[in-house]
Trainee: 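Sharing a structure with you now.
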Amino acid sequence: MANPTASMLVIGDEILSGRTRDANMHYLSGELTNHGIDLHEVRIVSDDAEAIKSAVLALSSAYDHVFTSGGIGPTHDDITADCIASAFEVHLDVRADARALLAEHYERSGKELNAARLRMARIPDGAVLIDNPVSIAPGFTLKNVHVMAGVPSVFQAMVASVLAGLTGGDPLLSQTLRVLKGEGDIAAPLSALAEKYKDLSIGCYPFQDNGVYGANVVVRGTNGSHIEQALTELAAELQI
């Protein structure tokens with residue numbers, strides 16, 4: 001049985017402008033791989049309501065899970081919750097359970113739960129809260145869309161909260177064979193190997209190291225014995 005599929009939507013002008021380097025995609029891909037959920041697509045969109053809504057609906061209909069990153073904070077440009085609610089045509093408002101979490105947190109820290117911070121308690125109708133042990137303000141899951149913060153430490157904590165409740169498949173395994181030959185010299189054997197082992201993903205990544213040219217052949221799949229067998233056959237074919 002095939003593993004569940006996933007996509008990611010990264011939201012924020014700061015990512016597209018180059019001001020902020022996105023770290024969440026790299027983290028999420030690794031966690032999904034370990035959990036047996038296959039990440040197939042990542043999109044990055046600006047803080048534009050129509051762009052967010054369009055992307056969410058497209059990804060939600062194409063994959064089993066959508067993970068979003070960014071835009072659920074207290075400022076005016078944090079519009080992700082509004083866009084998700086609008087995309088699925090549900091009401092959005094401050095919810096009692098989310099408000100209670102924030103009220104307790106800010107009372108304990110001696111800060112005011114002002115109107116800006118209260119924005120983080122706005123949850124679409126029908127959504128399930130995502131636990132945030134780092135900064136308390138929750139994310140939420142609506143249908144198959146998991147809406148999370150963009151701050152890496154908070155995002156990572158929320159990913160752990162979400163994955164604990166998701167059923168995955170077989171973890172994706174990976175092995176690498178370093179070949180001191182050019183891509184043109186190994187293209188034919190690689191094509192034959194890919195044709196034979198259709199359940200494996202075979203990638204070829206060239207390198208140049210102190211005047212030495214070669215390629216790292218990376219074989220990925222859920223069947224460890226097939227990976228071992230494929231690499232053994234390739235090594236024998238290339239006489240390495």
Trainee: Return yes if some donor-acceptor pair links the side-chain N/O of Ser61 with the main-chain N/O of Leu57 below 3.5 Å, else return no.
Mentor: yes
Trainee: So how far is it from Leu129 CG to Leu101 CG, rounded to the nearest 0.5 Å?
Mentor: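 Reported value, rounded in 0.5 Å steps: 6.5 Å.
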Trainee: Can you check whether Met148 reaches Ser69 side chain to side chain, under 4.5 Å on heavy atoms?
Mentor: no
Trainee: CE/Met158 to CZ/Phe67 distance, rounded to the nearest 0.5 angstrom?
Mentor: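 Answer rounded to 0.5 Å: 13.0 Å.
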Trainee: Under the side-chain contact (heavy atoms from CB on, under 4.5 Å) rule, what do Val56 and Thr80 come out as? Steps first, then yes or no, please.
Mentor: CA-CA 10 Å; Val56 164; Thr80 299; over 6 Å; no
Trainee: Above 12 or not: heavy atoms from other molecules or residues under 6.0 Å from CZ of Arg19?
Mentor: no
Trainee: Using atom types as modelled and distance alone, determine if a side-chain donor or acceptor of His65 lies under 3.5 Å from a backbone N or O of Leu166.
Mentor: no
Trainee: Any side-chain donor paired with an acceptor under 3.5 Å for Thr5 and His40?
Mentor: no
Trainee: Give the intermediate values and the outcome of side-chain contact (heavy atoms from CB on, under 4.5 Å) for residues Val159 and Tyr27.
Mentor: CA-CA 9 Å; Val159 167; Tyr27 180 80; 4.2 Å; yes
Trainee: Is there a path of hydrophobic side-chain contacts, each under 4.5 Å between heavy atoms of I/L/V/M/F/W/Y residues, joining Ile44 to Phe155?
Mentor: yes
Trainee: Could you check if a side-chain atom of Asp47 sits within less than 4.5 angstrom of a side-chain atom of Glu14, using non-hydrogen atoms only?
Mentor: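 Side-chain contact under 4.5 Å: yes.
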Trainee: Please walk me through it: do Ile72 and Asp78 pass side-chain contact (heavy atoms from CB on, under 4.5 Å)?
Mentor: CA-CA 5 Å; Ile72 60 170; Asp78 290 313; 5.8 Å; no
Trainee: Please tell me if the side chains of Leu177 and Asn216 come closer than 4.5 Å, counting only heavy atoms from C-beta onward.
Mentor: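 A side-chain contact under 4.5 Å is absent here.
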Trainee: What are the two closest non-hydrogen atoms of Val147 and Ile130, and how far apart are they?
Mentor: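 Nearest pair, atom of Val147 first, then Ile130: O-CD1, 3.8 Å.
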Trainee: Which pair of heavy atoms, one from Cys204 and one from Ile186, lies closest together, and at what distance?
Mentor: SG-CD1, 3.8 Å
Trainee: Which atoms form the tightest heavy-atom contact between Ala230 and Leu200, and what is the distance?
Mentor: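 Here Ala230 and Leu200 meet closest at CB-CD1, 3.9 Å.
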Trainee: Just to verify, what does Tyr197 make a side chain to side chain donor-acceptor pair (under 3.5 Å) with, not counting sequence neighbours?
Mentor: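 With sequence neighbours excluded, Tyr197 shows a side chain to side chain donor-acceptor pair (under 3.5 Å) to Gln229, Glu233, given in chain and number order.
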Trainee: Between His105 and Ala137 (side chain of the first, backbone of the second, donor and acceptor by atom type, cut-off under 3.5 Å), is there such a pair?
Mentor: no
Trainee: Rounded to the nearest 0.5 Å, how far apart are CG of Leu39 and OH of Tyr63?
Mentor: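 Spacing of CG (Leu39) from OH (Tyr63) equals 8.5 Å.
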Trainee: Specify the closest pair of heavy atoms between Asn144 and Ser60, including all atoms of both residues, with the distance to one decimal.
Mentor: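 Smallest interatomic distance, heavy atoms only, reads OD1-OG, 2.6 Å.
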Trainee: Do Val45 and Ile11 have side chains that approach each other closer than 4.5 Å (heavy atoms only, starting at C-beta)?
Mentor: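 Heavy-atom side-chain distance check passes, below 4.5 Å.
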Trainee: Do Val134 and Leu163 share a hydrophobic cluster (ILVMFWY, side-chain heavy atoms under 4.5 Å, transitive)?
Mentor: yes
Trainee: Kindly say whether Ser135 contributes a backbone atom to a donor-acceptor pair with the side chain of Asn132 at under 3.5 angstrom?
Mentor: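 Yes, the answer is positive, given that a donor and an acceptor are paired below the 3.5 Å cut-off.
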Trainee: Using only heavy-atom distances, determine whether the side chains of Glu112 and Tyr106 contain a donor-acceptor pair under 3.5 Å.
Mentor: no
Trainee: If only atom types and distance count, is the side chain of Asp38 paired as donor or acceptor with the main-chain N or O of Pro4 below 3.5 Å?
Mentor: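 Side chain of Asp38 to backbone of Pro4, a donor-acceptor pair under 3.5 Å: no, none is there.
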Trainee: Can a donor-acceptor pair be found, under 3.5 Å and without considering hydrogens, that links the side chain of Arg119 to the backbone of Thr75?
Mentor: yes
Trainee: For Lys53, does the NZ atom have more than 12 heavy-atom neighbours from other residues, nucleotides or ligands under 6.0 Å away?
Mentor: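 For Lys53, atom NZ is crowded (more than 12 foreign heavy atoms under 6.0 Å).
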Trainee: With rounding to the nearest 0.5 angstrom, report the CG to CG distance, Leu238 to Leu193.
Mentor: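 The CG atom of Leu193 is 9.5 Å from CG of Leu238, to the nearest 0.5 Å.
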Trainee: Okay, side chain of Asp22, backbone of Met25: is any donor-acceptor separation there less than 3.5 Å?
Mentor: yes
Trainee: Mind jotting down which residue pairs meet the side-chain hydrogen bond (donor to acceptor under 3.5 Å, both in side chains) criterion with at least one end in residues 163-179? Sequence neighbours excluded, please.
Mentor: Gln175-Glu228
Trainee: For Glu50, is there any backbone N or O sitting under 3.5 Å from a side-chain donor or acceptor partner on Ser54?
Mentor: no
Trainee: Kindly work out whether a path of hydrophobic side-chain contacts (I/L/V/M/F/W/Y, heavy atoms less than 4.5 Å apart) joins Phe207 to Val179.
Mentor: no
Trainee: Keeping the roles fixed (side chain from Arg43, backbone from Leu59), state whether a donor-acceptor pair exists under 3.5 Å.
Mentor: no
Trainee: Flag yes if more than 12 heavy atoms outside Gln208 fall under 6.0 Å of its CD atom; otherwise flag no.
Mentor: yes
Trainee: Kindly give the heavy-atom pair with the smallest separation between Ala149 and Asn24, and that separation in Å.
Mentor: O-ND2, 4.3 Å
Trainee: For the CZ atom of Arg122 and the CG atom of Asp93, what is their distance to the nearest 0.5 Å?
Mentor: 8.5 Å
Trainee: Just so I know, are the side chains of Leu173 and Thr222 near enough to count as touching, which here means a heavy-atom distance under 4.5 Å?
Mentor: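 They are not in contact (no side-chain heavy atoms under 4.5 Å apart), so the answer is no.
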Trainee: Distance check, rounded to the nearest 0.5 Å: Leu102 atom CG versus Lys111 atom NZ?
Mentor: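 Answer for the CG-NZ pair, Leu102 versus Lys111, is 12.5 Å.
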Trainee: Answer yes or no: does atom CD of Glu104 have more than 12 heavy-atom neighbours from other residues, nucleotides or ligands under 6.0 Å?
Mentor: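 Not buried by this count: 12 neighbours or fewer within 6.0 Å.
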Trainee: With a sphere of 6.0 Å drawn around OH of Tyr213, does it hold more than 12 non-hydrogen atoms of other residues, nucleotides or ligands?
Mentor: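 12 or below, so no.
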Trainee: For Ile202, which of Val217, Leu231, Val218, Leu234 qualifies under side-chain contact (heavy atoms from CB on, under 4.5 Å)?
Mentor: Val217
Trainee: Would you say Leu92 ends up clustered with Ile52 if hydrophobic residues are merged whenever their side chains have heavy atoms under 4.5 Å apart, either directly or through other cluster members?
Mentor: no
Trainee: Is it true that the side chains of Asp48 and Ser46 contain a donor and an acceptor less than 3.5 Å apart?
Mentor: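 Side chains of Asp48 and Ser46: no pair found under 3.5 Å.
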Trainee: Taking everything shown except Arg99 itself, do over 12 heavy atoms lie less than 6.0 Å from its CZ?
Mentor: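 Count not over threshold, so no.
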Trainee: Hey, does His226 have a side-chain heavy atom less than 4.5 Å from the side chain of Asp199?
Mentor: yes
Trainee: One pair to check against side-chain contact (heavy atoms from CB on, under 4.5 Å): Glu107 and Leu113. What are the steps and the verdict?
Mentor: CA-CA 8 Å; Glu107 181 179 2; Leu113 180 56; over 6 Å; no
Trainee: Taking the side chain as every heavy atom from C-beta outward, state whether Met8 and Thr68 have any pair of such atoms under 4.5 Å apart.
Mentor: no
Trainee: Please report the shortest heavy-atom distance between Pro124 and Val90, naming the atom on each side.
Mentor: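 Minimum heavy-atom contact is CB-CG2, 3.8 Å.
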Trainee: Taking the side chain as C-beta and beyond, is there a heavy-atom pair between Leu32 and Asn34 under 4.5 Å?
Mentor: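 Not in contact.
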